[in-house]
Amino acid sequence: MARSAEVTISNPVGLYADPAKALVNFAKQFNSEISLTYDGKSVNLKSLMGVVSLGIPHNAHVKVTADGYDEIKAVREIVDKMKEIELTD
């Protein structure tokens, strides 16, 4: 069963290239399939082009979903990483 978490992007410039790269590289350590959903569109969180293509602005509500044997850890740690790189509070 897939796990997910919803977060609000609080960074004033949204999810731009540098934090997107850090987030994608971080997500690659997990074996689960991981997606990022914004405005009805989902992309592979392990794809920089996919994440950047969403054009996620400030105050956007996004959902991180993981499906696989490390899904619980993946969602928890990705949300923590988003806080660490100051994408969300």
Side-chain angles (χ1 to χ4, degrees):
M1 183 173 139
R3 303 295 174 143
S4 64
E6 293 188 21
V7 297
T8 301
I9 301 300
S10 59
N11 187 297
V13 293
L15 181 50
Y16 61 98
D18 287 341
K21 183 177 179 182
L23 200 57
V24 166
N25 288 337
F26 186 76
K28 288 179 180 178
Q29 72 178 309
F30 301 101
N31 290 312
S32 293
E33 299 281 326
I34 305 171
S35 63
L36 184 66
T37 304
Y38 168 66
D39 197 26
K41 299 175 196 149
S42 290
V43 298
N44 181 346
L45 188 53
K46 297 176 185 180
S47 165
L48 181 58
M49 292 302 291
V51 172
V52 172
S53 75
L54 290 175
I56 300 172
H58 173 70
N59 281 335
H61 300 287
V62 299
K63 183 159 94 172
V64 176
T65 304
D67 190 10
Y69 79 88
D70 60 354
E71 62 194 26
I72 295 170
K73 180 179 181 185
V75 169
R76 182 183 68 243
E77 291 190 11
I78 288 168
V79 170
D80 288 346
K81 184 68 170 179
M82 291 174 91
K83 291 175 185 173
E84 178 186 316
I85 60 177
E86 299 178 346
L87 285 173
T88 187
D89 295 329

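Along the sequence shown, the residues carry numbers beginning at 1. All of these numbers come straight from a predicted model, not from anything done at the bench. Reckoned from all heavy atoms, side chains included, excluding hydrogens, waters and symmetry mates.
The ring-ring contact (aromatic ring centres under 6.0 Å, His included) test applied to Phe26 returns Phe30, not counting sequence neighbours. Every residue meeting the side chain to side chain donor-acceptor pair (under 3.5 Å) condition with Thr37, not counting sequence neighbours, appears here in chain and number order: Ser42. Under the side chain to side chain donor-acceptor pair (under 3.5 Å) criterion, Thr88 pairs with no residue, sequence neighbours left out. Not counting sequence neighbours, Asn25 has no partner by the side chain to side chain donor-acceptor pair (under 3.5 Å) test.
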Trace of the side chain to side chain contact (heavy atoms under 4.5 Å, CB included) decision for Thr65 with Ile34: CA-CA 6 Å; Thr65 304; Ile34 305 171; over 6 Å; no
Go through the steps to decide whether Ile9 and Val62 satisfy the test side chain to side chain contact (heavy atoms under 4.5 Å, CB included), and finish with yes or no. CA-CA 7 Å; Ile9 301 300; Val62 299; 4.0 Å; yes
Show your reasoning for whether side chain to side chain contact (heavy atoms under 4.5 Å, CB included) applies to Asn11 and Ile85. CA-CA 9 Å; Asn11 187 297; Ile85 60 177; over 6 Å; no
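Considering only heavy atoms from C-beta on, Val43 comes within 4.5 Å of Leu54 through its side chain. Leu36 places a side-chain heavy atom less than 4.5 Å from the side chain of Leu15.
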Under 3.5 Å, sequence neighbours excluded: what are the donor-acceptor pairs made by side chains of residues 71-83?
residue	atom	partner	partner atom	Å
Glu71	OE1	Gly68	N	2.9
Lys81	NZ	Glu84	OE2	3.2

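A distance of 10.0 Å separates CG in Leu45 from NZ in Lys28, rounded to the nearest 0.5 Å.
Counting only distance, with no hydrogens or angles, the side chain of Asp67 and the backbone of Glu33 share no donor-acceptor pair below 3.5 Å. Under the 3.5 Å distance criterion, the side-chain polar atoms of Asp70 are matched with a main-chain donor or acceptor of Asn31.
Screening residues 31-77 for ring pair (Phe, Tyr, Trp, His ring centres under 6.0 Å), with sequence neighbours left out, gives no hits.
Looking at Asp89 and Ser10, their side chains do bring a donor and an acceptor atom within 3.5 Å of each other.
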